[in-house]
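Here is the naming used below: chain letters follow the sequence lines, and residue numbers restart at 1 for every chain. Just so it is clear, the model here is predicted, and its values are computed rather than measured.
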Number of protein chains: 2
Amino acid sequence: MARKDEHDKKERILDAATMEIARRGYHQTTVAVIARRAGVADGTIYLYFKNKEEILASLFGRALDRFIAEGRRKLEGLSGAEAKLRAIVELHLTLVGQDRDLAIITQVELRHSLHFLEELSRAKVGRYLGIIAEVIAEGVAGGEFRTDLDPVLAAKAVFGVLDEMATDWVLSRRNIRLEAKAPEVTALVMAMVRPVS
Amino acid sequence: MARKDEHDKKERILDAATMEIARRGYHQTTVAVIARRAGVADGTIYLYFKNKEEILASLFGRALDRFIAEGRRKLEGLSGAEAKLRAIVELHLTLVGQDRDLAIITQVELRHSLHFLEELSRAKVGRYLGIIAEVIAEGVAGGEFRTDLDPVLAAKAVFGVLDEMATDWVLSRRNIRLEAKAPEVTALVMAMVRPVS
DNA sequence: GTGTAAAATGAATGCCTATTCATTATCCTA
DNA sequence: TAGGATAATGAATAGGCATTCATTTTACAC
């Protein structure tokens, strides 16, 4: 079987898992139901994933890779820490707001156990936090931001704000677009890092 | 059996559940193991709780009630929105940092399903966010804070920062005290709401 | 078109554990 | 202290589902 089909099948399984897990929750979603939606046999899942939990991990890995790739691309074209930080806020809200199923998984289902979250956190989210911290460090060094900021701590704070907005959006049933909050959220984030004039 | 003993037994079950769930995670913790640690029979659990999930919910309810009670008490003695907001930050970090087992549950295990989180969020966390929003509104009205703040959104941002600090503390194995971050975190939070002078 | 390897299938297996409920112990009143 | 209620017990039940693997299908080279 060609490389392409193989790739497609794996993708199909991940897409199916995203839909089902978002609707039923990780623990209520059986491997059988994922297989059915993906149009493969139950056993086929295990040709592509070691076990059920690895599906969840791959799901998130794939999403975060895309997320970070797009982020880097957008950031490259910008100069100045403030512009970059604004772009991060905008991008975060836009990308999370783009796919509610995926958002449900990243904001809720992913956090289903300490062990799992620890692994994920170190390996993946750490990269993202690192990018934010770098931008803040750049701003501190260049005098755009307050000089007494600890970039690592400030990055966590920024991430906390964005993550809470995302979770709130997922939990609220109102049908507003997450992006719509970008201007206000950006203002709050910028206030955290701006020098007191 | 006296009212007191009954209460004690329920408390014992909740305490046992806190320890076991923090160590193994909600799904790996069997009702039998909670019963054993609490020193009761498996069936006894069901005299006090409708089912396993209700144990988790009660656990959190009890903790948040204490949390909010202590918060209100501390806040009463203070005047001025800035002082209150500072107190909230300090209190949040102090109380979460006081009990790591409980923190593991609130920051990780509690968020194990969308349905569960939705209920919890509306019923309980909403109260807490409301208190923060009130304080911010007071500060806006009194000119202590920026007048263009939306108190509800700003409260979410503040909560996001605090929640992320708590989660980070739970996931990091380093043995620092969470309270130690209070001054820096307070600075970040105050920066969000302070008027641009 | 035949043979071999790779991929896919899905029924069967085996494990796990929440919850129930018949039985036993304890409490309390008169 | 009798006996009716209330509380506690824990073995048995019942259902659920991840994972395996013997078998079948497909791909492809010669």
Side-chain angles (χ1 to χ4, degrees), chain A residues 1-61 105 109-110 112-116 119-120, chain B residues 1-60 105 109-110 112-116 119:
Chain A
M1 184 162 257
R3 203 80 195 78
K4 182 65 187 317
D5 285 1
E6 205 173 273
H7 187 253
D8 282 355
K9 194 162 288 187
K10 191 165 185 175
E11 294 282 294
R12 277 219 317 277
I13 294 169
L14 289 177
D15 290 339
T18 305
M19 294 180 67
E20 296 294 342
I21 292 173
R23 277 164 183 66
R24 310 161 182 256
Y26 176 72
H27 289 285
Q28 318 320 316
T29 302
T30 65
V31 171
V33 100
I34 295 172
R36 177 128 45 96
R37 181 173 291 274
V40 301
D42 298 11
T44 305
I45 302 265
Y46 291 86
L47 300 175
Y48 296 93
F49 302 94
K50 193 161 90 271
N51 53 37
K52 185 181 167 188
E53 190 147 284
E54 207 190 80
I55 302 174
L56 190 59
S58 298
L59 206 51
F60 179 64
I105 292 180
E109 301 300 333
L110 217 52
H112 72 131
S113 87
L114 181 58
H115 179 70
F116 191 69
E119 298 240 319
L120 229 69
Chain B
M1 182 161 261
R3 203 80 198 75
K4 183 68 188 316
D5 285 1
E6 205 174 90
H7 186 252
D8 282 354
K9 194 161 287 185
K10 191 166 184 174
E11 293 283 294
R12 278 220 317 278
I13 294 169
L14 288 178
D15 290 340
T18 305
M19 293 181 67
E20 295 294 342
I21 293 174
R23 277 162 182 67
R24 311 159 181 257
Y26 177 72
H27 288 285
Q28 320 318 318
T29 302
T30 64
V31 171
V33 100
I34 295 172
R36 175 128 44 97
R37 181 173 290 275
V40 300
D42 298 11
T44 305
I45 303 264
Y46 291 87
L47 299 175
Y48 296 92
F49 301 95
K50 193 161 91 271
N51 51 39
K52 185 182 167 188
E53 188 147 288
E54 208 191 79
I55 302 174
L56 190 59
S58 297
L59 206 51
F60 179 64
I105 293 180
E109 301 299 334
L110 217 54
H112 71 134
S113 85
L114 180 57
H115 179 70
F116 191 69
E119 298 240 320

Between protein and nucleotides 11-18 of chain D, map the contacts as a letter string: B base, S sugar-phosphate only, - none, heavy atoms under 4.0 Å, written 5' to 3'. ------SS
Send over the distance from [X] [atom1] to [N] [atom2], rounded to a whole Å.
{"X": "A:R12", "N": "C:dA7", "atom1": "CZ", "atom2": "C1'", "answer": "13 Å"}
{"X": "A:Y48", "N": "C:dA6", "atom1": "OH", "atom2": "P", "answer": "14 Å"}
{"X": "B:I55", "N": "C:dT19", "atom1": "CD1", "atom2": "P", "answer": "9 Å"}
{"X": "A:I13", "N": "D:dT19", "atom1": "CD1", "atom2": "P", "answer": "14 Å"}
{"X": "A:E53", "N": "D:dT19", "atom1": "CD", "atom2": "P", "answer": "9 Å"}
{"X": "A:I45", "N": "C:dA7", "atom1": "CD1", "atom2": "P", "answer": "16 Å"}
{"X": "A:L47", "N": "D:dT26", "atom1": "CG", "atom2": "P", "answer": "16 Å"}

Kindly compute the distance separating CZ (A:R36) from CG (A:D42), expressed to the nearest 0.5 Å. 9.0 Å
Please round to the nearest 0.5 Å and tell me the distance separating atom CZ of B:R37 and atom OG1 of B:T18.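 So the gap between those two atoms works out to 11.0 Å.
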Taking the side chain as every heavy atom from C-beta outward, state whether B:F116 and B:L56 have any pair of such atoms under 4.5 Å apart. yes
Could you tell me whether the side chain of B:Y46 reaches within less than 4.5 Å of the side chain of B:V31, counting heavy atoms only?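 Yes, side chains in contact.
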Please check: side-chain N/O of A:R12 versus main-chain N/O of A:A38, any donor-acceptor pairing under 3.5 Å? yes
Return no unless some side-chain N or O of B:K9 is found under 4.0 Å from OP1 or OP2 of D:dA8.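 Answer yes for this pair, as a side-chain N or O of B:K9 is under 4.0 Å from OP1 or OP2.
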Test side chain to side chain contact (heavy atoms under 4.5 Å, CB included) applied to B:L59 and B:I105, B:D15, B:I13, the passing residue: B:I105
